[in-house]
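When a ligand or atom number is given, it counts from 1 through the structure's own listing order.
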Amino acid sequence: MTRLSVNINKIATLRNARGGNIPDVQKVAVDCEQFGAQGITVHPRPDERHIRFSDVELLKPLVTTEFNIEGYPSESFMELVTKVKPHQVTLVPDPPEALTSSEGWDTLKHHKFLVEVIGEFQRHGIRTSIFVGTDPRLVEGAAKTGTNRVELYTEPYATNYPADSAAAIKPFVEAAIVARDAGLELNAGHDLNLENLRYMKLQIPWLKEVSIGHALIADALYYGLQNTIQMYLRQLRDNF
Ligand code: PXP
């Protein structure tokens, strides 16, 4: 089974545009779960431009599925995550001012740093996942950090999918096999949507989790949040 974790950062972006509490991020998280989401993802950034650190603390007791906090492991991020103790932390290498994550870790160059921070999260009982591209050397490098999972950075797949789906998925299947052979569980995320999700699931059926934000929230403007979550879940079914 591949779980759907809904990234609710965009909900916080909308709320922050007006300064009040509409839409209510906490309520949306609970509703996503009621509508079928199997996890909630948040990505607090140091400038708190979407999800705030206080949101993360408020969400922890409300999320009854899987709570996933992603971000760059700065001191303040590590303090927050080890205090909140989500089920999973996903580490991304992007600098604080980045618009969105745009690459995976160089797991060879940052080996020592990753070993340290991963060890710290695991000592607190938090499962770790690290964001990686498809370079097999870097996927093997991820396994050597001691992480439980990797999350494949799927932007290149999403970009290349419309022109040539088979060519687009090829490096991802290869990386997924390297990860599996190295004993790593596998997540995926970035730019996944209703067009490209099913094909990825069919080609990599052992995917544990996808984390989807931008396209899902945009689709919800047309179909409504409940319908949209059901549509994404249908793409992830083992049998169609
Ligand atoms: N995974 C990671 C590590 C991300 O940084 C993001 C974007 O915040 C996502 C998944 C979700 O990407 P998208 O919003 O394009 O669905």
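Comparing Pro93, Ser129, Ser211, Ala215 by heavy-atom distance to atom 9 (C) of ligand 1, the nearest is Ser211. Atom 1 (N) of ligand 1 has its nearest heavy-atom neighbour, among Glu151, His190, Arg45, in Glu151.
Considering only non-hydrogen protein atoms, atom 5 (O) of ligand 1 sits nearest to Ser101 OG, 2.6 Å. Ranking the protein heavy atoms by distance from atom 16 (O) of ligand 1 puts Gly213 N, 2.8 Å first. Atom 8 (O) of ligand 1 has its closest protein heavy atom at Glu70 OE2, 3.2 Å.
In terms of polar-atom proximity, defined here as any N/O pair under 3.5 Å, Asp191 does make such a contact with ligand 1. Taking only nitrogen or oxygen atoms, main chain and side chain alike, His214 reaches within less than 3.5 Å of ligand 1.
The closest approach between any non-hydrogen atom of Asn9 and ligand 1 is not below 4.0 Å. In this structure, Leu192 has no heavy atom closer than 4.0 Å to ligand 1.
Under a 4.0 Å criterion applied to the non-hydrogen atoms of Asn7, ligand 1 contributes the atoms 8 (O). Close contacts between ligand 1 and His43 involve ligand atoms 5 (O), 8 (O) [criterion: under 4.0 Å to a heavy atom]. In summary, the atoms of ligand 1 found under 4.0 Å from a heavy atom of Val92, numbered by their order in the structure, are 3 (C).
Val89 and Leu58 fall into different hydrophobic clusters, where Ile, Leu, Val, Met, Phe, Trp and Tyr residues are linked whenever their side-chain heavy atoms come under 4.5 Å apart, directly or through other members. Using a 4.5 Å cut-off between side-chain heavy atoms of Ile, Leu, Val, Met, Phe, Trp and Tyr, with links allowed through other members, Leu236 and Leu202 fall into different hydrophobic clusters.
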Would you list the atom pairs, donor with acceptor, under 3.5 Å between side chains in residues 7-14 and any protein atom, with sequence neighbours excluded?
unit_1	atom_1	unit_2	atom_2	d
Asn7	OD1	Asn9	N	2.9
Asn9	OD1	His43	N	3.0
Asn9	ND2	His43	O	3.3
Asn9	ND2	His50	ND1	3.2
Lys10	NZ	His214	ND1	3.0
Thr13	OG1	Asn9	O	3.1

Which donor-acceptor pairs under 3.5 Å do the side chains of residues 25-37 make with protein atoms, sequence neighbours left out?
unit_1	atom_1	unit_2	atom_2	d
Lys27	NZ	Asp31	OD2	2.7
Glu33	OE1	Thr64	N	3.3
Glu33	OE1	Thr64	OG1	3.1
Glu33	OE2	Thr64	N	2.9
Glu33	OE2	Thr65	N	2.8
Glu33	OE2	Thr65	OG1	2.6

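Phe121 and Phe77 have perpendicular rings, their planes meeting at more than 60° on a 0 to 90° scale where under 30° would count as parallel.
Between Ser211 atom OG and Gln88 atom CD the span is 9.0 Å, to the nearest 0.5 Å.
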Item to complete: Determine, step by step, whether Phe172 and Tyr153 satisfy the side-chain contact (heavy atoms from CB on, under 4.5 Å) criterion, reporting the C-alpha distance in whole Å, the side-chain angles of both residues, the deciding distance to 0.1 Å, and the verdict.
Response: CA-CA 9 Å; Phe172 286 84; Tyr153 170 51; 5.9 Å; no

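In this structure, Trp105 contributes its side chain and Leu138 its backbone to no donor-acceptor pair below 3.5 Å.
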